[in-house]
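Worksheet: the structure to be examined is printed underneath.
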Amino acid sequence: MDSPKYISVFFDDEDPLREAVRKLLESKETIIDVMTPFPVHGIDKLLSIKRSRIPIGGFIFGILGATLAFGFMTWVFTVSYPLIIGGKPFFAVPSFIPITFEMTVLFSGLAMAAAFFVRSKLKPDIRFNPVEERITDNMFVILVDTGNGNTTPQKIRSILSGIKTLEIRE
Amino acid sequence: MFQSPLRNPLIKGKKSYQDVTSQLLDPMVNKAGKLWYMGITLSGGAMMFGLFMIFWTIWQGIGTWGENRTVGWALEITTFVWWIGIGHAGTFISAILLLFRQRWRNSINRSAEAMTLIAVACAALFPLIHLGRPLLTFFIFPYPNTRLLWVNFNSPLVWDVFAISTYFTISLIFWYVGLIPDIATLRDKLTKGIKKSVYNFLSFSWKGSARDWHRHEITSIMLAAIATPLVLSVHSIVSMDFATSILPGWHTTIFPPYFVAGAIFSGFAMVLTLLIITRKALGLEDFITIEHVESMNKILIATGSIVGLAYITEIFMSWYSGVEYEHYALMNRVTGPYWWAYWIMVICNVGSAQILWIKKLRTNLWFTFFLSIIINIGMWFERFVIIVTSLHRDFLTSSWTMYKPTIVEYGLLIGTLGIFFTAFLLFIRIFPVISIFEVKSILKTEGAYSANKELNHG
């Protein structure tokens with residue numbers, strides 16, 4: 001597999017990082033990824049990351065959970081095995097509500113977590129090697145694409161002049 | 001950045017991101033101290049005692065307990081409800097306070113969530129053993145079977161099964177999703193060895209990429225949104241175990257809100273007990289400040305007052321309903337043979353919360369610690385009072401009796417305390433007890449150093 005070619009630019013704080021992302025995008029560079037130790041707000045807007053559709057998935061699965069739970073209990077008590085319990089009606093809607101609610105939450109929560117893991121390609125891997133070990137500590141990194149051939153460290157240095165970078169390396 | 005002049009800084013000292021990382025990872029990277037070993041020996045001993053009592057119960061049968069024909073449900077259900085209640089603070093802190101954007105939650109949510117998981121697991125143990133035949137526990141789940149029967153979906157006890165298993169699952173997911181970035185931090189801090197491989201495996205190859213953070217935040221906030229009604233539903237359903245019966249003292253509509261408030265009350269008390277020890281033991285005074293303790297104490301005032309109001313409502317309703325059985329059930333609680341349990345409950349729960357109106361006391365660590373234990377005891381007695389006093393004098397005078405727990409039952413209570421503290425002690429050495437990335441994200445806005453800088457200049 002071809003590994004993508006990039007230049008990594010390192011920062012020690014979020015403000016220069018934000019500034020640098022803006023400048024790089026203004027000069028039409030392609031940013032492969034930005035890695036930070038904690039969520040930096042505003043970066044997703046700058047990178048025009050589309051709002052995740054995870055909540056929609058959660059909603060659909062929530063509806064599914066509710067329908068399954070309610071339908072199943074209705075089927076059990078009206079079709080499969082109608083049982084007289086304390087002289088109450090077979091189709092006792094109020095007493096189906098708690099379980100319907102719990103199943104809605106369970107389905108929706110599991111679906112959203114699963115979607116998060118799948119979409120972010122999170123999987124257990126003992127051999128995983130991070131780009132730079134300090135990213136999860138105090139380092140903010142921008143990976144700039146060099147695939148087009150004319151992006152060089154010198155060029156990036158000139159774009160980012162005036163912004164406090166720690167290191168620019170290929 | 002926005003600065004709140006009303007609040008003291010939530011993170012004390014002049015800290016860089018690196019300082020936060022190394023300070024919070026210290027318990028995982030370095031060896032444990034003598035105190036930790038002493039703690040785990042003590043709690044491990046209690047756990048072994050409890051496990052033996054569970055074994056004894058299963059081996060000999062429920063005859064080893066003090067239950068009788070009239071009081072068929074006592075210490076085990078009391079302790080079950082108590083643990084479930086304690087398990088409410090974690091998700092309250094992580095879900096409801098996240099939706100309300102309370103930043104002080106960032107230092108305490110991780111440990112509170114872990115506490116929730118352990119407490120719910122301790123609670124789940126009780127239905128398992130007091131079914132009498134634990135090997136047939138699976139009968140409670142609706143699955144196609146040769147008996148051609150389904151479970152009774154109209155029964156609150158079945159609702160309980162769904163509520164508690166959903167609550168545990170969602171809390172676990174929520175906790176783990178929040179842990180992943182911090183496990184990655186831990187993975188990158190360790191250099192070699194099996195430990196690194198294990199954390200590498202557990203970190204799910206987290207990169208910290210902007211897209212992943214975006215999804216991580218959305219997933220967290222959405223999980224919080226669905227966990228919020230879930231927290232409120234679980235104890236409501238537990239309360240319906242009692243409220244849907246016809247027993248005087250149980251048959252009241254105030255139970256669901258009363259139980260939920262009580263659950264959050266006891267949960268926060270347990271969080272305080274644990275955190276005041278943890279911050280001292282791990283030297284986290286800069287992260288868990290008096291400000292945090294005070295905020296939690298304010299929640300104790302609010303929930304404790306609701307609990308107090310519920311007690312008063314119960315008294316009023318037993319008179320106002322005009323039902324002589326209700327009236328007798330209350331008088332029996334207050335002045336009957338278990339009067340001492342009722343008054344322990346009132347003094348520990350109602351009195352204690354009101355003392356916290358005094359600022360000097362709610363910002364005092366020793367006092368808060370002492371009070372949190374008092375509240376834990378009081379809340380345990382609340383459940384004991386509700387359950388035992390309502391049962392022991394039923395409709396038929398000839399079957400009135402007294403209930404006295406046996407050593408096996410006390411053993412189960414002590415045993416779950418042992419399991420709880422052992423698991424918590426293991427947790428603080430395996431995972432960061434404070435959410436590292438969340439603390440870093442508020443370091444600039446809520447940290448003492450930058451806050452002061454801003455205030456002096458502004």
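A, B, ... follow the sequence lines: proteins, then strands. Residue 1 opens every chain.
Among the candidates A/T36, A/L47, A/V40, the residue making the largest number of heavy-atom pairs closer than 4.5 Å to chain B is A/T36. The greatest number of non-hydrogen atom pairs below 4.5 Å with chain B, out of A/P39, A/P98, A/G109, is found for A/P39. When B/S209, B/P156, B/S203, B/A210 are compared by the number of non-hydrogen pairs under 4.5 Å with chain A, B/S209 comes out ahead.
Looking at B/I221, there are no atoms closer than 4.5 Å to chain A (heavy atoms on both sides), in backbone or side chain. Contact of B/V151 with chain A is made through the backbone alone, with heavy-atom distances under 4.5 Å. For chain B, the nearby part of A/D44 is the side chain; its heavy atoms alone come within less than 4.5 Å. Heavy atoms closer than 4.5 Å to chain B are found in both the backbone and the side chain of A/L110.
Between atom CZ of residue A/F77 and atom CZ of residue B/F153 there is a gap of 6.5 Å, rounded to the nearest 0.5 Å. A distance of 5.5 Å separates CG of B/L230 from CD of A/E102, quoted to the nearest 0.5 Å. Of the inter-residue distances, the one linking B/S441 atom OG with A/H41 atom NE2 reads 6.5 Å to the nearest 0.5 angstrom. The line from CG of A/L122 to NZ of B/K207 is 7.0 Å long, rounded to the nearest 0.5 Å. Taking OH from B/Y17 and CZ from A/R134, the interatomic distance works out to 15.5 Å, rounded to the nearest 0.5 Å.
The aromatic rings of A/F116 and B/W206 lie tilted to each other, with the angle between the two planes from 30° to 60°.
The closest donor-acceptor contact from the side chain of B/T185 to the backbone of A/T136 lies under 3.5 Å. Checking side-chain atoms of B/K440 against main-chain N and O of A/N138 turns up no donor-acceptor pair under 3.5 Å.
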(request) Verify side chain to side chain contact (heavy atoms under 4.5 Å, CB included) between A/M112 and B/I226, making sure each step is shown before the conclusion. (result) CA-CA 11 Å; A/M112 286 192 289; B/I226 60 165; 4.0 Å; yes
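Centroid-to-centroid, the aromatic rings of B/W150 and A/F72 come within less than 6.0 Å.
For residues 48-59 of chain A, a heavy-atom distance under 4.5 Å to chain B picks out A/I49, A/K50, A/R51, A/S52, A/I54, A/P55, given by residue number.
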